[in-house]
*Asks:* 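Please find one structure pasted underneath; my questions will follow.
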Amino acid sequence: MRVDSSAPYNHARRLLDWYDVNARTLPWRSPPGTPPPDPYRVWLSEIMLQQTTVASVKGYFELFITRWPTVAALAAAEDADVMQAWAGLGYYARARNLLACARSVVADHGGRFPDTEAGLRKLPGIGPYTAAAVAAIAFGAHATVADGNVERVVARLYAVETPMPAAKPTLHALAAELTPTQRCGDYAQAMMDLGATICTPRSPDCPACPVAAGCAALKLQTPTRFPVKAAKVARPTRQGTIYWLRAGDTVLVTQRPPRGLLGGMRALPSDEWATVRPALAPPADATWQLLPGSVRHVFTHFELELVVMAATLNDGRSVALPAGATWVALAEIDRIGLPTVFAKAARHALAHLNTDRVDEKAA
DNA sequence: GAGTCGTGGTC
DNA sequence: TGACCAAGACT
């Protein structure tokens with residue numbers, strides 16, 4: 001094996017030797033030194049892994065691969081089926097882009113993924129990181145992968161004092177210098193495994209690190225100080241109302257607008273979520289009851305406090321429904337792909353409206 | 001460049 | 001318990 005011997009302490013060689021022994025076994029991965037996996041599997045896993053933990057992704061990856069074994073099968077899937085299968089994984093724009101990308105690969109590229117960074121970068125949902133990762137891991141291209149793990153490892157190796165995210169261009173340039181010309185896919189995965197298992201954010205295991213001898217942050221005895229982070233901003237609280245409308249054994253379920261927060265997902269009827277609670281009309285003329293307590297949910301950039309109003313209709317067919325709204329059997333409410341915030345609201349409503357079922361759910 | 005976009009786990 | 005964090009992309 002030939003690697004860049006000019007890098008500090010033969011960085012790439014040490015890292016690849018470590019990876020040969022310590023690589024994690026993952027459903028979308030082939031063992032070190034073996035032929036790369038199907039590009040479809042690499043791409044699917046990389047999309048799912050964006051800002052999402054390995055533990056969360058595993059089940060979804062197996063489910064998707066079993067249900068849609070090829071990019072052509074996924075491209076032919078119904079939008080609603082894919083969105084429902086993605087429910088709970090978060091960042092739902094990824095699911096929309098996943099379908100758009102699969103259909104573009106089939107329609108514009110003969111069913112095969114482009115094998116270069118530039119070609120992959122043009123596809124929906126594939127940014128700089130994912131393009132480099134698929135190019136390197138699936139096609140062995142000489143691409144530099146720079147995700148959060150790599151940024152942390154490099155920031156520590158060089159003790160970069162510039163705060164994030166301003167340091168990103170510097171860190172990516174340093175990462176490119178370290179990248180070897182051989183075994184690029186294994187190297188990319190080795191850097192991410194190192195960041196995920198050794199060079200972790202809070203308690204790095206420096207004695208076990210294969211490149212500790214070349215680490216400036218360790219030499220300074222302050223590895224966790226890097227990467228330096230900018231001052232954080234407070235997260236505002238927004239408020240809203242969920243409308244739990246029963247008719248017989250069914251409840252009214254709506255659909256979110258195609259873009260934006262929770263875009264395209266199934267939902268419960270709700271008003272706008274603003275910093276001041278708005279006074280909007282409920283979705284039906286009925287006797288509404290404010291349920292005691294509230295539901296709290298934290299998003300990336302705001303915290304949401306929901307109250308739930310409940311009403312029961314004698315005949316759901318007598319109501320003019322909003323566009324996209326449907327009646328869903330209560331027994332099905334947990335299986336229709338509700339984002340977690342709405343699943344919480346549904347549990348809240350059920351807990352206050354039916355004491356018997358509270359005991360069943362607790363059992 | 002700064003905001004937007006989910007969720008579950010950890011300490 | 002709350003803040004932080006996880007294989008980013010898009011606008």
Side-chain angles (χ1 to χ4, degrees), chain A residues 24 26-29 41-61 83 86-98 100-101 120-138 143-153 163-169 172 175 185 187-197 199-204 224 227 229-238 256-265 267 273 296-304 337-344:
Chain A
R24 289 178 292 174
L26 300 171
W28 47 84
R29 180 181 274 184
R41 297 174 69 90
V42 176
W43 163 75
L44 178 61
S45 68
E46 291 298 343
I47 300 299
M48 289 183 164
L49 286 162
Q50 290 168 5
Q51 296 291 288
T52 308
T53 59
V54 166
S56 295
V57 164
K58 278 183 178 175
Y60 284 87
F61 178 82
M83 298 307 287
W86 194 277
L89 197 55
Y91 285 128
Y92 299 101
R94 292 184 298 172
R96 300 194 293 272
N97 287 329
L98 188 81
C101 183
L120 289 160
R121 184 67 183 79
K122 296 174 183 169
L123 292 166
I126 298 186
Y129 162 75
T130 304
V134 174
I137 297 170
T144 298
V145 172
D147 70 325
N149 284 312
V150 173
E151 288 170 357
R152 182 172 58 256
V153 169
M164 296 292 279
K168 281 176 179 272
H172 293 192
Y187 175 82
Q189 296 176 96
M191 283 289 275
M192 290 186 282
D193 274 19
L194 185 72
T197 65
C199 195
T200 58
R202 298 194 188 195
S203 54
T224 56
K229 291 177 285 289
K232 55 183 177 295
V233 295
R235 180 159 27 216
T237 297
R238 298 185 192 176
R256 301 281 295 180
R259 300 181 197 290
L261 182 68
L262 304 169
M265 298 301 292
W273 299 338
R296 300 190 75 84
H297 188 77
V298 179
F299 291 97
T300 306
H301 52 294
F302 68 93
E303 184 169 343
L304 181 62
L338 281 181
T340 297
V341 61
F342 296 115
K344 282 186 189 176

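Residue numbers begin at 1 in each chain, while the letters A, B, ... track the order of the sequences.
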*Asks:* So does A/I126 get a backbone contact from the side chain of A/R121, meaning a donor-acceptor N/O pair under 3.5 Å?
*Replies:* yes

*Asks:* Going by the rule side chain to side chain donor-acceptor pair (under 3.5 Å), which residues pair with A/E151 if we only count those two or more places apart in sequence or in a different chain?
*Replies:* A/K168, A/H172

*Asks:* Which part of the nucleic acid, if any, lies within contact of A/L26, taking any heavy atom under 4.0 Å across all strands shown: a base, the sugar-phosphate backbone alone, or nothing?
*Replies:* base

*Asks:* Does the pair A/R29 and A/R41 meet the rule for a side-chain contact (heavy atoms from CB on, under 4.5 Å), with working shown?
*Replies:* CA-CA 8 Å; A/R29 180 181 274 184; A/R41 297 174 69 90; over 6 Å; no

*Asks:* Excluding sequence neighbours, so at least two apart, what forms side chain to side chain contact (heavy atoms under 4.5 Å, CB included) with A/P27?
*Replies:* A/K58, A/F61, A/E62

*Asks:* Output every pair passing side-chain hydrogen bond (donor to acceptor under 3.5 Å, both in side chains) with a member in residues 47-57 of chain A, not counting sequence neighbours, ordered by first then second residue.
*Replies:* A/Q50-A/T130, A/T52-A/R94, A/T53-A/S56

*Asks:* For nucleotides 9-11 of chain B, print each protein N/O atom paired with a nucleotide N/O atom at under 3.5 Å, atom names and distance only.
*Replies:*
none

*Asks:* I'd like to know if the side chain of A/R152 reaches the main chain of A/C199, judged simply by a donor and an acceptor atom lying under 3.5 Å from each other, with no hydrogens or angles considered.
*Replies:* yes

*Asks:* Please walk me through it: do A/L98 and A/L44 pass side-chain contact (heavy atoms from CB on, under 4.5 Å)?
*Replies:* CA-CA 8 Å; A/L98 188 81; A/L44 178 61; 3.9 Å; yes

*Asks:* Expressed as a whole number of angstroms, how long is the span from A/Y91:OH to B/dT4:C1'?
*Replies:* 9 Å

*Asks:* Could you please spell out the steps behind the side-chain contact (heavy atoms from CB on, under 4.5 Å) verdict for A/V145 and A/Y129?
*Replies:* CA-CA 6 Å; A/V145 172; A/Y129 162 75; 3.1 Å; yes

*Asks:* Which residue, A/R94 or A/P165, contacts DNA chain B at a nucleotide closer to its 5' end, judged by nearest heavy atom?
*Replies:* A/P165

*Asks:* Can a side chain N or O of A/Y92 be found less than 4.0 Å away from OP1 or OP2 on B/dT7?
*Replies:* yes

*Asks:* For B/dC5, does either OP1 or OP2 sit under 4.0 Å from a side-chain N or O belonging to A/H301?
*Replies:* yes

*Asks:* Starting at CE of A/M48 and ending at P of B/dC5, how long is that distance when rounded to a whole Å?
*Replies:* 22 Å

*Asks:* Keeping A/Y60 on the side-chain end and A/A87 on the backbone end, is there a donor-acceptor pair under 3.5 Å?
*Replies:* yes

*Asks:* Considering every strand and a 4.0 Å limit on heavy-atom distances, what is the contact class for A/R24: base, sugar-phosphate, or nothing?
*Replies:* base

*Asks:* Hey, is the main chain of A/R24 close enough, under 3.5 Å, to the side chain of A/D193 for a donor-acceptor pair?
*Replies:* yes

*Asks:* With a 4.0 Å cutoff (strictly under), does any side-chain N or O of A/R96 reach OP1 or OP2 of C/dA9?
*Replies:* no

*Asks:* Starting at the 5' end of DNA chain C and moving along, which residue's nearest nucleotide shows up first, A/N97 or A/V54?
*Replies:* A/V54

*Asks:* C/dG8 P sits how many Å from A/L98 CG, rounded?
*Replies:* 16 Å

*Asks:* A/S45 side chain to A/V42 main-chain N or O, any donor-acceptor pair under 3.5 Å?
*Replies:* yes

*Asks:* Nearest to the A/H297 side chain among C/dC10, B/dG6, B/dT7, which nucleotide is it?
*Replies:* B/dT7

*Asks:* Compare every heavy atom of A/P169 with every heavy atom of A/P165, then report the nearest pair and how far apart it is.
*Replies:* O-CD, 4.3 Å

*Asks:* Give a yes/no on whether any side-chain N or O of A/K229 is located under 4.0 angstrom from OP1 or OP2 of C/dC5.
*Replies:* yes

*Asks:* Send over the distance from A/L49 CG to C/dA9 C1', rounded to a whole Å.
*Replies:* 15 Å

*Asks:* Rounded to the nearest Å, what distance is computed from the CD atom of residue A/E303 to the C1' atom of nucleotide B/dT4?
*Replies:* 17 Å

*Asks:* Pair A/F342, A/L262 - check side-chain contact (heavy atoms from CB on, under 4.5 Å), show working.
*Replies:* CA-CA 10 Å; A/F342 296 115; A/L262 304 169; 3.6 Å; yes

*Asks:* Roughly how many Å apart are B/dG8 and C/dA9, using the P atom of each and rounding to a whole number?
*Replies:* 22 Å

*Asks:* I need the CG-P distance between A/L89 and C/dA6, as an integer number of Å.
*Replies:* 17 Å

*Asks:* Does a distance-only test, which skips hydrogens and angles, find a donor-acceptor pair under 3.5 Å between the side chain of A/T52 and the base of B/dG6?
*Replies:* yes

*Asks:* Measure CG/A/L262 against C1'/B/dT4 and give the value in whole Å, please.
*Replies:* 12 Å

*Asks:* Near DNA chain B, counting only heavy atoms under 4.0 Å, which residues of residues 122-134 of chain A show up?
*Replies:* none

*Asks:* Given C/dC10, C/dA6, B/dC5, identify the nucleotide with an atom nearest to the side chain of A/L261.
*Replies:* B/dC5

*Asks:* Which part of the nucleic acid, if any, lies within contact of A/V298, taking any heavy atom under 4.0 Å across all strands shown: a base, the sugar-phosphate backbone alone, or nothing?
*Replies:* base

*Asks:* Would you check if the distance from the ring center of A/H301 to the ring center of A/F299 is below 6.0 Å?
*Replies:* no

*Asks:* Name the residue closer to the 5' end of DNA chain C, choosing between A/R121 and A/D147 according to the nucleotide with the nearest heavy atom.
*Replies:* A/D147

*Asks:* Has A/T340 got a side-chain N or O lying under 4.0 Å from the OP1 or OP2 atom of B/dG8?
*Replies:* yes

*Asks:* What's the CZ-P distance between A/R259 and B/dC5, to the nearest Å?
*Replies:* 13 Å

*Asks:* Where along residues 190-197 of chain A does a heavy atom come under 4.0 Å from DNA chain B, residue by residue in number order?
*Replies:* none

*Asks:* Please classify the nucleic acid contact of A/W28 as base, sugar-phosphate, or nothing, using heavy-atom distances under 4.0 Å.
*Replies:* base

*Asks:* So what does A/R152 touch, heavy atoms closer than 4.0 Å: a base, only the sugar-phosphate, or nothing?
*Replies:* sugar-phosphate

*Asks:* Check this one for me: any side-chain N or O of A/Q51 less than 4.0 Å away from OP1 or OP2 of C/dA6?
*Replies:* no

